[in-house]
Amino acid sequence: MNSTCRIWTEKNIFIAILMVAGLIFLYLAPQSAANVDEQLHYPHAKKVVNWYFTGGEDQSCLHTPHTNLKYYGQSVDNLTALINRVLYVEDEYLTRHYTGALFFWLILLLSGILSHRLTGSWLTATFTVLVLVFMPRLSGQAFGNLKDIPFAAGYMAGLLGIVHFLKEIPHVHWKTTILTGFIFAFTISVRAGGYILLAYLGLGLVVYLLIYPFIFKQIISSGKLKINLLLHGITLVLISWIAGLLFWPYALQNILIHPLEGLRMMQHYQVSIRQVFEGRLIWSTDLPGYYLTKWIFISTPLLVLSGFFLYIGNFFRELIKNRPVPRQFFYEGFILFATLFPFFYVTAIGSNLYSGVRQMLFIFPPMAILAVTAIFKCMEVLKRRHKKLTGGIIVLLAILLIWPVKHQISTFPVDYVYFNILAGGNKNAWGNYEYDYYFHGVKEPADHLKTLIGNEEITVAMNSNLSNYFDQSSNIDYVYTRFHERSSYDWDYGIFGLNYIHPYLLKNNLWQPEGIIKTFYQKGNPVAILLKRVDKSDFYGISEIKIGNLHQGIQLLKKAAQHDPNNVWLLVNLAKAKLETGDIPGFEHDIEAGKKIHPYYEPVLLLEATRYYKEGKYNAAIQKLNELLEINPRYMPAKELLETVMTDQKKIGRAMNE
């Protein structure tokens, strides 16, 4: 009786924690930040929905040469676009953020259930839920990331379905098969990587029958069982494949080839994004093979890391000791495989990874389950052998959990930016690793600006695509600009996230522009700034130079540079104009001044090479361009000029030989 009461109490605690978490997510969703990917995927989702509404006449969703979005199923993005269209929702992003909250809550629910299935303990399941809630890199993206969070939910549901399917072997229920098929279908519809669940089921079945040959003999000896399992397998594959494509227009054009194209594209994504990693600015296609490994180590709470490695050690110890393998141990081993295999696979094939661990978020829920399982097993052993140590272990676990809890409470909605003590915390990570890559930090200055200006008509410049913050503000126009090139555009206020900026500028405090009204911080690190443009000499000067009024433009830019001494773009334009006018001493002065601010800035180095080329100093130009391409191998203006220089050099060489 007491045992039954205890179990029900633990289960009720689990349910209560889930309910509280759900209420908190409902409260936080309207206050959460939009991310830059939302402004990429949501417009595409609208096109997808319109493809269905027009009966396929609007084919814009099938032609995405620059974004590759046609290869994404992104069914949850598409679902939010459909809801907003049918229900005439005004705040479209609020729908998205509530949807994201729902799918993160489902991750908690599914992870808790799977934890209970593995351990039989609702207390372990409850602690698993808490660990996931306070895993900043995962929960911090709950609201706006409608690719990785729903995919993680589908992945967890898929693992749960596979475990249930294998437990029923050889007498699998049709309900299990059909439900598992639709779970696989949903995961595939979010991202083509969901096909891995089919491979998991097949591999899991083979290994299961090898470990437990008596079940294999039972199936082989019964023609009815063989046919029944074959029908289950065919049904599951068909449901997974066909239902997974229903909200994916490109896949529907060729249901056999196009989904596999999407899968290949996901494995080797062609778009390269420049990232700050280990204090250097590197293209994602050139990042070292240990990129993902290091990110996992520096951005995962120590409680999860330590628990997971404790589990691995204990798993292999038990594997050697236990013969035959207990079935419960087999299911745990399967979850361990589903955690480790994606990591080793993407590392082995050299997938194009970027933005930290974002693309691999789906392995963190099973990792947390195993980590918590190991911790509770360890505590059970200590309770039997060293009761006095148990209290100390509980205190240590609380301390390890409090660190990310405190972080999330104090940093929302930029709470996903989290670095543990192995990275020296957030303070030491700034300038060494890509920080707020999703531009969550832009929300606060955007809200501040709307309060600041009232009904004043203004133009705001941003180095992100998050114009949605001003969709309901008819008095605010938006213009996009790169941070360094902001002087080339006409704007009144500027909101700039301090992302994708060279670490040299960040670490040497050379990034601050003129006119900062307020700097917005996360854990003591600047993540965004709000500017007011008090003078437009920079814009007018660059405009004059563009139309050929070089001398007038130079005078205006000289004035602007006095007020904005860290603006290297002004020096680039000054140097360019002086080179055109033949003012070589002035050109050299501005180039050197620019290099003092930003010695790795491509336009400055390109101008040096251009000067050598115009003067016929081809070898010097080639040397400078090669230096530039060492800094940025994908800088197209340098590649184009290098080709021109080498072509002209060859022409002169041939002419001299003739």
Side-chain angles (χ1 to χ4, degrees), residues 30-40 42-43 90-94 96-97 144 413-414 436 438-501 511-522 526-547 552-553 556-557 559-570 572-573:
Q31 304 171 53
S32 60
N35 69 61
V36 290
D37 272 5
E38 291 191 77
Q39 284 284 58
L40 183 68
Y42 185 58
E90 288 189 16
D91 193 342
E92 296 176 313
Y93 284 83
L94 185 58
R96 292 177 55 82
H97 294 180
V414 198
D436 181 19
Y438 259 162
F439 285 79
H440 280 201
V442 162
K443 182 181 188 302
E444 192 176 355
D447 292 340
H448 186 80
L449 176 63
K450 286 184 283 189
T451 302
L452 180 69
I453 64 165
N455 295 321
E456 180 186 352
E457 293 190 0
I458 64 160
T459 297
V460 60
M462 300 175 73
N463 62 336
S464 69
N465 58 6
L466 295 173
S467 59
N468 59 288
Y469 286 124
F470 308 111
D471 284 349
Q472 307 303 317
S473 302
S474 58
N475 59 317
I476 300 178
D477 290 326
Y478 157 87
V479 61
Y480 171 80
T481 173
R482 294 173 179 169
F483 176 68
H484 289 307
E485 298 170 17
R486 59 193 179 274
S487 292
S488 292
Y489 297 87
D490 188 7
W491 49 270
D492 306 299
Y493 289 86
I495 296 175
F496 298 103
L498 302 179
N499 316 305
Y500 307 104
I501 295 174
W511 56 268
Q512 301 98 324
E514 175 201 27
I516 295 178
I517 296 174
K518 187 175 181 180
T519 302
F520 298 83
Y521 295 86
Q522 193 258 23
V527 291
I529 51 175
L530 173 62
L531 309 181
K532 182 175 183 180
R533 200 178 203 169
V534 294
D535 182 81
K536 294 188 178 182
S537 299
D538 54 346
F539 169 68
Y540 295 137
I542 291 172
S543 299
E544 291 295 333
I545 288 171
K546 284 180 180 177
I547 61 175
Q552 187 173 349
L556 286 167
L557 290 186
K559 175 187 174 185
Q562 290 177 352
H563 298 292
D564 198 0
N566 288 337
N567 192 333
V568 67
W569 186 241
L570 299 182
V572 166
N573 282 275

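Computed from a predicted model, the values in this text were never measured in an experiment.
For K536, the salt bridge (charged side-chain N to carboxylate O under 4.0 Å, His left out) test picks out D490, D492, with sequence neighbours left out. For D91, there are no side chain to side chain donor-acceptor pair (under 3.5 Å) partners, not counting sequence neighbours. When the salt bridge (charged side-chain N to carboxylate O under 4.0 Å, His left out) test is applied to K559, the partners found at least two apart in sequence or on another chain are D535. The salt bridge (charged side-chain N to carboxylate O under 4.0 Å, His left out) test applied to E514 returns no partner, not counting sequence neighbours. For the side chain to side chain donor-acceptor pair (under 3.5 Å) test, residues two or more places apart in sequence or in another chain that qualify with N567 are S487, D564. Y42 is linked by a ring-ring contact (aromatic ring centres under 6.0 Å, His included) to Y93, counting only residues two or more places apart in sequence or in another chain. For the salt bridge (charged side-chain N to carboxylate O under 4.0 Å, His left out) test, no residue two or more places apart in sequence or in another chain qualifies with D436. A560 is linked by a side chain to side chain contact (heavy atoms under 4.5 Å, CB included) to S537, D538, L570, counting only residues two or more places apart in sequence or in another chain. In this view, K450 and D447, F470, S473, I476 satisfy the side chain to side chain contact (heavy atoms under 4.5 Å, CB included) rule, not counting sequence neighbours. With sequence neighbours excluded, no residue satisfies ring-ring contact (aromatic ring centres under 6.0 Å, His included) with F539.
The cationic group of R486 does not satisfy the cation-pi geometry with Y489, failing either the under 6.0 Å distance to the six-membered ring centre or the 45° limit from the ring axis.
Nearest heavy-atom pair across I516 and I529 is CD1-CG2, 4.3 Å. When all heavy atoms are compared, the tightest approach of V527 to Q522 is CG1-CB, 3.7 Å. Taking each heavy atom of G553 and I545 in turn, the nearest pair found is CA-CG1, 3.9 Å. Minimum heavy-atom separation, R96 to G144: NH2-O, 3.9 Å. Residues Y469 and A34 come closest through the heavy atom pair OH-N, 3.0 Å. In plain terms, the two heavy atoms of S467 and Q39 that are nearest each other are OG-NE2, 3.3 Å.
In this structure, NZ on K546 lies 8.0 Å from CG on N573, to the nearest 0.5 angstrom. Summarising the geometry, atom OH belonging to Y493 is positioned 9.5 Å from atom NE2 belonging to H448; distances are rounded to the nearest 0.5 Å. One finds the CD atom of Q552 at 11.0 Å from the CG atom of L557 (value rounded to the nearest 0.5 Å).
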Exercise for the section: Check the pair N465, F439 against side chain to side chain contact (heavy atoms under 4.5 Å, CB included), reporting the backbone distance first and the verdict last. Expected result: CA-CA 9 Å; N465 58 6; F439 285 79; over 6 Å; no

Problem - Worked verdict on W569 versus I542 for side chain to side chain contact (heavy atoms under 4.5 Å, CB included) - result: CA-CA 10 Å; W569 186 241; I542 291 172; 3.7 Å; yes

Practice task
Check the pair V442 / F520 against side chain to side chain contact (heavy atoms under 4.5 Å, CB included), numbers first and verdict last.
Solution key: CA-CA 9 Å; V442 162; F520 298 83; over 6 Å; no

Exercise for the section: Check step by step if side chain to side chain contact (heavy atoms under 4.5 Å, CB included) holds for V36 and Y438. Expected result: CA-CA 6 Å; V36 290; Y438 259 162; 4.1 Å; yes

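Side-chain contact between L466 and Y478 is absent, with no heavy atoms from C-beta onward closer than 4.5 Å. In this structure the side chain of F496 never reaches within 4.5 angstrom of the side chain of P513, judged on heavy atoms.
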Could you pull out all donor-acceptor pairs under 3.5 Å where a side-chain atom in residues 452-464 meets a protein atom, sequence neighbours excluded?
from : atom 1 : to   : atom 2 : distance (Å)
N463 : OD1    : G497 : N      : 2.9
N463 : ND2    : G497 : O      : 2.8

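Within the structure, every pair that satisfies the salt bridge (Lys or Arg N to Asp or Glu O under 4.0 Å) test and touches residues 468-482, not counting sequence neighbours, is listed here: R482-E485.
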